[in-house]
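Worksheet: the structure to be examined is printed underneath.
The first residue of the sequence shown is numbered 1, and numbering continues consecutively from there.
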Amino acid sequence: MQSKWSIRIAVLLGLAALSNGVLMTIAPEPWYWMVPGVPDRGPFNQHFLRDIGMNYSLIGAAFIWGAIDTRHSLTLWLMPTAWLAGHAIFHVWEVLAGICGPEFLIIDFGGVTLPALLALWLIYTGYKKQAHE
């Protein structure tokens, strides 16, 4: 059984990812211009944004489903967490490789790094709790 905080964080992550994914899928160009830092990383590509939007929609659904079905939450949250963590690592790599400046770590924090950290926290605390049961 997950803690109340874990459930709340999973629902928050799920709703944020799902709403982001739906917006990316149904309105990729407004999303592209609305999100800070995105236009600085390359030209608009509606196909790519819709593909990623579907990923975010699935990520959101998995976090919400895991919050509802707590018996399977860790299984449901593992791959979305892996994707979010990989995405955050890739953004750090872009800075380290000189593709973009370090200011992008701050620009990206709320939408890239923080969700990954919260998801990793969910997995860590979930496995820790499971090991003590």
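- The closest side-chain heavy-atom distance from Trp77 to Ile59 is not below 4.5 Å.
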Solution key, residues 23-31 side-chain donor-acceptor pairs under 3.5 Å, sequence neighbours excluded:
residue	atom	partner	partner atom	Å
Thr25	OG1	Gly21	O	2.8
Trp31	NE1	Asn20	OD1	2.6

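- Atoms NE2 and CH2, on His72 and Trp65 in that order, are 9.0 Å from each other to the nearest 0.5 Å.
- Hydrophobic clustering (side-chain heavy atoms under 4.5 Å, transitive across Ile, Leu, Val, Met, Phe, Trp, Tyr) keeps Val112 apart from Leu120.
- Evaluation of the side-chain hydrogen bond (donor to acceptor under 3.5 Å, both in side chains) test over residues 110-122, restricted to residues two or more places apart or in two chains, returns none.
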All N/O donor-acceptor pairs, side-chain side in residues 34-45, below 3.5 Å, sequence neighbours left out:
residue	atom	partner	partner atom	Å
Arg41	NE	Glu94	OE1	3.0
Arg41	NH1	Asp108	OD1	3.4
Arg41	NH1	Asp108	OD2	3.4
Arg41	NH2	Asp108	OD2	2.5
Asn45	OD1	His47	N	3.1
Asn45	OD1	Phe48	N	3.0

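- The salt bridge (charged side-chain N to carboxylate O under 4.0 Å, His left out) pairs that include a residue from residues 55-67 number zero, where partners must be two or more places apart or lie in different chains.
- With a 6.0 Å radius and a threshold of 12 heavy atoms from other residues, nucleotides or ligands, Trp83 has its CH2 atom above the threshold.
- Between the CZ atom in Phe63 and the CG atom in Leu15 there is a gap of 12.0 Å [rounded to 0.5 Å].
- Remark: Ile68 engages Ile64 in a side chain to side chain contact (heavy atoms under 4.5 Å, CB included) (not counting sequence neighbours).
- Within the structure, salt bridge (charged side-chain N to carboxylate O under 4.0 Å, His left out) contacts touching residues 55-84 (residues at least two apart or in different chains) are Asp69-Arg71.
- Applying the ring-ring contact (aromatic ring centres under 6.0 Å, His included) definition to pairs two or more places apart or across chains, those involving residues 90-111 are His87-His91, Phe90-Trp93.
- Sorted by first and then second residue, the salt bridge (charged side-chain N to carboxylate O under 4.0 Å, His left out) pairs involving residues 95-105 (not counting sequence neighbours) form an empty list.
- Using modelled atom types, one side-chain atom of Ser19 and one backbone atom of Ala16 make a donor-acceptor pair closer than 3.5 Å.
- Distance check: Leu76 CG to Leu122 CG gives 12.0 Å after rounding to the nearest 0.5 Å.
- In this structure Ser73 satisfies the side chain to side chain donor-acceptor pair (under 3.5 Å) test together with Gln2, sequence neighbours excluded.
- Taking OG1 of Thr81 as the reference point, atom CD1 of Ile123 lies at 4.0 Å (rounded to 0.5 Å).
- The hydrophobic cluster containing Val92 also includes Val95, Leu96, Leu105, under a criterion of side-chain heavy atoms closer than 4.5 Å among ILVMFWY residues, counted directly or through chains of members.
- Every pair tested for salt bridge (charged side-chain N to carboxylate O under 4.0 Å, His left out) that includes a residue from residues 47-58 fails, sequence neighbours excluded, so the list is empty.
- Hydrophobic clustering keeps Ile106 apart from Leu118 (ILVMFWY residues linked when any side-chain heavy atoms are closer than 4.5 Å, directly or through intermediates).
- To the nearest 0.5 angstrom, Leu84 atom CG is 7.0 Å from Leu13 atom CG.
- The side-chain hydrogen bond (donor to acceptor under 3.5 Å, both in side chains) analysis of residues 4-16, with sequence neighbours excluded, yields the pairs Ser3-Ser6.
- Looking at Leu74 and Tyr127, their side chains come closer than 4.5 Å, going by heavy atoms from C-beta outward.
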